[in-house]
Every structure is written in structure tokens, then in C-alpha cells.
*Asks:* 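Structure incoming, see below.
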Amino acid sequence: MDAAQMTDAELAGQPAAYWTGVAYEALIGFTRARQAEAGFTQPQFWMLRNLSANDLSPDGRGRTIPELKEAMRTYLRAEDDLARTAETLLAKEWLTRDAEDRWWITAAGEMARIQFKGAAPDIRARIHEGIDDADYVAALKVLLRMIGNVER
């Protein structure tokens, strides 16, 4: 049965883990497809963000692939190959690599990061279409409570 046709009572009995997994795959798939249409991949954007002193990098210093994997461990997917991503960004001259195999963002890479970041509002708007902020916050609070319930 389609979830949209279920009663509230039927929905209340649905397994949260199943539906959060379905939501995750749908949202990641949508986001990655929109990013691909804009000419970049999510791992490329993440790598640039994690190397930029103007974004996620705590100090703007270069990082090795293992250090980048550790920094991104909570959101990397199994198919994400950071070594291959770094080589692609090196070929575009958005990254450089030093003698210690540390990757560094270039000025061109910083410009690309800023450009890629510009795609985020449209992606978010499509995902949040028809959902007011109060409902979104309520949904996140429910998810956070469920997480807290199973982590204690």
C-alpha cells in the first residue's frame, strides 16, 4: 500500500528505520542528481569544503586522504572514492598535492566551492516545497528524540 493512502493509525505502526532509510536514499539521490546537472559531484563539493579555510576546514591546512575520510566519516557513502575525487580535482587545478600527500585547495578550487554552494538553496527549496519550517523542525525533533531513545 502507498504510504499516502494509509490512515494515521496505519502510519503510526510503520517502522521508522525503514522510512528514514527510504527518505535518505530519495534525498541523497535527488541532491546528487541536481549537483550532477550543475556539473559537480557531492564528494567533490565536500572535499573542497573540507579543505577551505572559509568553510569546514578548521585551519585551512592541507589534509591527506585518510584525514579527509575521517573528517567526512559521518556522511561519506560506500561508493565515494576520495582518492579518485582528489585526482579529478587536481586535473581541474582546484587542488594541489604536496610531497607529504596532503591536498590543498587552490584559488580556482575556492571559486568552484563558492559556485557549487550556490546550488544549495534551489535544492533545499525543492526538498522543502510545501513544508513549513514548524513542520520541518517538528520532524527533526521527533527524529532526534528517536536517536536519543536508542543511544541511551
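Note that this is a predicted model, so its numbers are computed, not measured.
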*Asks:* So do Met72 and Leu82 actually touch side chain to side chain, heavy atoms under 4.5 Å?
*Replies:*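 A side-chain contact exists here, since the closest heavy-atom pair is under 4.5 Å.
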
*Asks:* Is Ser52 reaching over with its side chain to a backbone N or O of Leu48, donor-acceptor style, under 3.5 angstrom?
*Replies:*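 Judged by distance alone, no pair lies under 3.5 Å.
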
*Asks:* Should Val22 and Met146 be regarded as members of a common hydrophobic cluster, given that ILVMFWY residues are connected when their side-chain heavy atoms come within less than 4.5 Å of each other, either directly or indirectly?
*Replies:*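 As far as the 4.5 Å side-chain criterion goes, Met146 and Val22 are not connected within one cluster.
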
*Asks:* For the atom pair CD1 (Ile114) and CE (Met111), what is the distance rounded to the nearest 0.5 Å?
*Replies:*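 Atom-to-atom, Ile114:CD1 and Met111:CE are 6.0 Å apart.
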
*Asks:* For atom CD of Glu93, is the number of surrounding heavy atoms from other residues, nucleotides or ligands below 6.0 Å larger than 12?
*Replies:*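 Counting other residues, nucleotides and ligands, CD of Glu93 stays at 12 neighbours or fewer.
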
*Asks:* Taking the six-membered ring of Tyr75, is NZ or CZ of Arg73 closer than 6.0 Å to its centre and within 45° of its axis?
*Replies:*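 Not satisfied by the 6.0 Å and 45° rule.
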
*Asks:* Is there a side-chain contact between Gln44 and Leu89 (heavy atoms, below 4.5 Å)?
*Replies:*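 Heavy-atom side-chain distance check passes, below 4.5 Å.
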
*Asks:* Measure across Ile127 and Ile131 and return the closest heavy-atom pair with its distance rounded to 0.1 Å.
*Replies:*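 The pair with the smallest heavy-atom distance is O-CD1, 3.9 Å.
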
*Asks:* With no hydrogens and no angle check, is any side-chain donor or acceptor of Asp2 less than 3.5 Å from a backbone partner on Gln5?
*Replies:*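 Looks like no, no N/O pair under 3.5 Å.
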
*Asks:* To the nearest 0.5 Å, what is the distance between CD1 (Ile65) and CH2 (Trp103)?
*Replies:*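 Ile65 CD1 to Trp103 CH2: 6.0 Å, rounded to 0.5 Å.
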
*Asks:* Where is the tightest heavy-atom contact between Asn50 and Ser57, given as atom of each residue plus distance?
*Replies:*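 Looking at all heavy atoms of both residues, the shortest contact is O-CB, 3.4 Å.
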
*Asks:* Rounded to the nearest 0.5 Å, what's the gap from CD on Gln14 to CH2 on Trp19? Could you check?
*Replies:*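 Interatomic distance, Gln14 CD to Trp19 CH2, rounded to 0.5 Å: 6.0 Å.
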
*Asks:* When rounded to the nearest 0.5 angstrom, what is the spacing between OG1 in Thr64 and CZ in Arg97?
*Replies:*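 Output value for this atom pair is 12.0 Å.
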
*Asks:* As a quick check of understanding, evaluate side chain to side chain contact (heavy atoms under 4.5 Å, CB included) for Thr88 and Thr41, giving each step before the final call.
*Replies:* CA-CA 11 Å; Thr88 299; Thr41 69; over 6 Å; no

*Asks:* Measure across Glu67 and Gly62 and return the closest heavy-atom pair with its distance rounded to 0.1 Å.
*Replies:*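 The answer is OE1-O, 4.3 Å.
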
*Asks:* So do Leu76 and Trp46 actually touch side chain to side chain, heavy atoms under 4.5 Å?
*Replies:*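 Heavy-atom side-chain distance check passes, below 4.5 Å.
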
*Asks:* What pair of heavy atoms forms the shortest contact from Phe30 to Arg126, and how long is it?
*Replies:*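 Taking every non-hydrogen atom into account, CZ-CG, 3.1 Å.
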
*Asks:* Identify the heavy atoms of Leu90 and Thr96 that sit nearest to each other, and give their distance.
*Replies:*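 It is CD1-CA, 3.9 Å.
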
*Asks:* Salt bridge or not between Asp80 and Arg32? Use side-chain N to carboxylate O under 4.0 Å.
*Replies:*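 Answer for the salt bridge query: yes.
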
*Asks:* Determine, for Arg77 against Glu25, whether the closest basic-nitrogen to carboxylate-oxygen distance falls under 4.0 angstrom.
*Replies:*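 So Arg77 pairs with Glu25 through a salt bridge.
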
*Asks:* Mind checking whether Ile123 and Gln35 have side chains closer than 4.5 Å, heavy atoms only?
*Replies:*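 Ile123 reaches Gln35 side chain to side chain.
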
*Asks:* I need the minimum non-hydrogen distance between Arg84 and Glu79, along with the two atoms involved.
*Replies:*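 Scanning both residues completely, I find the closest heavy atoms to be NH2-O, 4.3 Å.
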
*Asks:* Starting at CE of Met47, measure out to CZ of Phe40 and round the result to the nearest 0.5 Å.
*Replies:*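 Reported value, rounded in 0.5 Å steps: 15.0 Å.
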
*Asks:* Should the pair Asp122-Arg34 be classified as a salt bridge under the 4.0 Å nitrogen-to-oxygen rule?
*Replies:*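 Salt bridge absent between Asp122 and Arg34.
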
*Asks:* Do the ring planes of Phe116 and Phe45 sit parallel (below 30°), tilted (30 to 60°) or perpendicular (above 60°)?
*Replies:*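 The arrangement is perpendicular - the two ring planes meet at more than 60°.
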
*Asks:* How long is the gap from CD1 on Ile105 to CZ on Arg63, to the nearest 0.5 Å?
*Replies:*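 The CZ atom of Arg63 is 12.0 Å from CD1 of Ile105, to the nearest 0.5 Å.
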
